[in-house]
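These numbers were taken from a predicted model, which means no experiment stands behind them. Here, residue 1 is the first one in the sequence, and each next residue gets the next number.
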Amino acid sequence: MKVLFSPYSLEPRNRANNQADLKTKHGIFLRLESDFIGYADYFPHVEFGDQSIAEFMSTFPDLSNDYHQKILQRLNQPLNVSQDARFKNHQLYFPGDPIESNIIKYKLFIHEDTHFCSLADQGIKLRLDANGIFNRLSFLAFLNGLSPKTLGSIEYIEDPSRDSNWDNNLVKLAEDFLQGSPTDFVVYKPTRSLFPESNKRIIFSSYMSSWLGLWQDYLELIAKGDLSLTHGLVTPGLYNNMETIFTGNYHEGFRPDLEKIRTLLGDLELIKWTYLCHI
């Protein structure tokens, strides 16, 4: 079976996390030509340990690499363009944005960031993403500096520290890129990894890649996720040239725009594809 690739790029509007910058980001679409046409998306975040595109293309498929295994899985799955179940999503919030949801995800960029405290005063539930910005001592100091009202508004803090000991008695925690304990949530990026075997609550999260990766994330959420939870697939405002594939709002939920997705799939037939390998 032949695998082809086609490059694409995204233009950031906001920094995706405290490790990212505003330079143009690059990914590749992958196409499998078999009994049917399969697609996948590779969009690396090298700052978190992903292979560069050049390294990925020179080693794919490496069956010891979970990311490669996931892409093979997606390439071998026919795409379902009829699924339009509704799901709940938090709002990815940047200072100055209008508040549209009662559940906000807020990314911490510096230790002293307290912009989110005003959201707690408005009764907003907070999901803070630290991306390992703290060490253990600075994380505990950060928590001890928050008011009881703010602490009570925090549903969880994601990846608080690169230290493995995350123990505290003030807030619940979530693991994503970093490994630490204890945790109550797993933030799962379906584009990047295999479905976790865990009894913790699993929050599906966008990998901040193309519309294709996002839509395939949605299909996995509907198949395997807990739709009673609020997830993080919808991330508007990150890129200037990101296709919008969901309709809805934060209070009633979101569902895919199937007509738009069919159009985008048709566009994939028209772009230039280059041979990568046989599998």
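- Within a 6.0 Å sphere centred on NZ of K260, other residues, nucleotides and ligands contribute more than 12 heavy atoms.
- With a 4.5 Å cut-off on side-chain heavy atoms, D84 and D257 do not count as touching.
- A salt bridge links D217 with R74: the distance from a Lys NZ or Arg NE/NH1/NH2 to an Asp or Glu carboxylate oxygen falls below 4.0 Å.
- In terms of modelled atom types and a separation under 3.5 Å, the side chain of T59 and the main chain of D62 share no donor-acceptor contact.
- Under the 6.0 Å cut-off for aromatic ring centres, Y218 and F204 do not qualify, their centroids lying 6.0 Å or more apart.
- The six-membered or imidazole ring of H68 lies near that of F60, with a centre-to-centre distance under 6.0 Å.
- Considering all non-hydrogen atoms of both residues, W215 and N80 come closest at CZ2-O, 3.1 Å.
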Full working for ring pair (Phe, Tyr, Trp, His ring centres under 6.0 Å) between F5 and F29: CA-CA 6 Å; F5 75 94; F29 294 125; over 10 Å; no
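- With 3.5 Å as the limit, one finds no donor-acceptor pair spanning the side chains of K70 and T191.
- Using a cut-off of 4.0 Å between Lys/Arg side-chain N and Asp/Glu carboxylate O, R192 and D50 are scored as salt-bridged.
- Heavy atoms only, all atoms of each residue included: V81 and L258 are closest at O-CD1, 3.7 Å.
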N135 vs S138, side chain to side chain donor-acceptor pair (under 3.5 Å): CA-CA, chis, key distance, verdict: CA-CA 5 Å; N135 60 34; S138 61; 3.0 Å; yes
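- Hydrophobic clustering, with ILVMFWY side chains joined whenever heavy atoms are under 4.5 angstrom apart, keeps L140 apart from L151.
- Taking the six-membered ring where the residue is Trp, the centroids of F246 and F254 are separated by 6.0 Å or more.
- Screening T24, N241, N240 against E11 for a side chain to side chain donor-acceptor pair (under 3.5 Å) leaves a single residue, T24.
- A side-chain donor-acceptor contact under 3.5 Å links Q91 to the backbone of P98.
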Candidate pair L30 and V3, rule side-chain contact (heavy atoms from CB on, under 4.5 Å), full reasoning: CA-CA 7 Å; L30 296 155; V3 178; 4.2 Å; yes
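- Residues L233 and S205 form no side-chain contact, since every pair of their non-hydrogen atoms from C-beta on lies 4.5 Å or further apart.
- Taken from NZ in K2 to CH2 in W273, the straight-line distance is 12.5 Å, to the nearest 0.5 Å.
- Side chains of T247 and R255 form a contact here, defined as non-hydrogen atoms less than 4.5 Å apart.
- Taking CG from L214 and OG1 from T244, the interatomic distance works out to 10.0 Å, rounded to the nearest 0.5 Å.
- S52 places a side-chain N or O within 3.5 Å of a backbone atom of E55 that can act as its donor or acceptor partner.
- Y188 and D176 share no side-chain donor-acceptor pair at under 3.5 Å.
- Put simply, CZ on F43 and CD1 on I28 are 11.5 Å apart, with the number rounded to the nearest 0.5 Å.
- Of all non-hydrogen atoms in F142 and D113, the two that sit nearest each other are CE1-O, 3.9 Å.
- Taking every heavy atom of both residues into account, S210 and M242 meet most closely at C-CE, 3.8 Å.
- The backbone N or O of L72 lies less than 3.5 Å from a partner atom in the side chain of N76, making a donor-acceptor pair.
- Atom OG in S206 sits 12.0 Å away from atom CG in L221 (nearest 0.5 Å).
- Taking the side chain as every heavy atom from C-beta outward, L92 and Y106 never approach each other to under 4.5 Å.
- Annotation: side chain of L143 is in contact with side chain of N168 (closest heavy-atom distance under 4.5 Å).
- Not a single donor-acceptor pair under 3.5 Å links the side chain of R13 to the backbone N or O of P236.
- No side-chain donor-acceptor contact under 3.5 Å links N249 and H251.
- Within the 4.5 Å cutoff, the side chain of L173 has heavy atoms near those of the V171 side chain.
- Hydrophobic cluster membership differs between F195 and I203, with clusters built from Ile, Leu, Val, Met, Phe, Trp and Tyr side chains linked at under 4.5 angstrom.
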L4 vs E33, side-chain contact (heavy atoms from CB on, under 4.5 Å): CA-CA, chis, key distance, verdict: CA-CA 8 Å; L4 310 173; E33 295 185 350; 3.3 Å; yes
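- Put simply, the residue from D163, N165, I157 that forms a side-chain contact (heavy atoms from CB on, under 4.5 Å) with S161 is D163.
- Grouping the Ile, Leu, Val, Met, Phe, Trp and Tyr side chains by contacts below 4.5 angstrom, directly or via other members, places I279 apart from L194.
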Stepwise ring pair (Phe, Tyr, Trp, His ring centres under 6.0 Å) check, Y207 with H45: CA-CA 9 Å; Y207 205 49; H45 294 276; 4.6 Å; yes
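- Between the side chain of E47 and the main chain of G49, no donor-acceptor pair closer than 3.5 Å is present.
- Side chains of N131 and L108 form no contact here, defined as non-hydrogen atoms less than 4.5 Å apart.
- In the hydrophobic cluster analysis, where Ile, Leu, Val, Met, Phe, Trp and Tyr join through side-chain heavy atoms closer than 4.5 angstrom, M208 is grouped together with F87.
- I261 and Y39 fall within a single hydrophobic cluster, where Ile, Leu, Val, Met, Phe, Trp and Tyr side chains are chained together by heavy-atom contacts under 4.5 Å.
- In terms of heavy-atom proximity, P160 sits nearest to A174 at CD-O, 4.4 Å.
- Nearest heavy atoms, G180 versus T183: O-CG2, 3.6 Å.
- In terms of modelled atom types and a separation under 3.5 Å, the side chain of N89 and the main chain of V234 share a donor-acceptor contact.
- Salt bridge status for E220 with K189: absent, with no side-chain N to carboxylate O gap under 4.0 Å.
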Q122 vs I99, side-chain contact (heavy atoms from CB on, under 4.5 Å): CA-CA, chis, key distance, verdict: CA-CA 10 Å; Q122 300 174 56; I99 297 173; 3.5 Å; yes
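- I71 places a side-chain heavy atom less than 4.5 Å from the side chain of Y42.
- With respect to E158, the salt bridge (Lys or Arg N to Asp or Glu O under 4.0 Å) criterion is satisfied by exactly one of K105, K107, K172: K105.
- For the atom pair CD (E269) and CD1 (I271), the distance works out to 9.0 Å, reported to the nearest 0.5 Å.
- Side chain to side chain, D41 and S209 meet the donor-acceptor criterion of an N or O pair below 3.5 Å.
- Not one N or O on the side chain of H26 forms a donor-acceptor pair closer than 3.5 Å with the backbone of P44.
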Stepwise side-chain contact (heavy atoms from CB on, under 4.5 Å) test for I133 and H111: CA-CA 7 Å; I133 195 172; H111 292 190; 3.7 Å; yes
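- Not one N or O on the side chain of T230 forms a donor-acceptor pair closer than 3.5 Å with the backbone of H90.
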Verdict with reasoning, S153 to T150, per side chain to side chain donor-acceptor pair (under 3.5 Å): CA-CA 5 Å; S153 297; T150 297; over 6 Å; no
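- Distance check, rounded to the nearest 0.5 Å: NE2 of H115 to CZ of F109 gives 11.5 Å.
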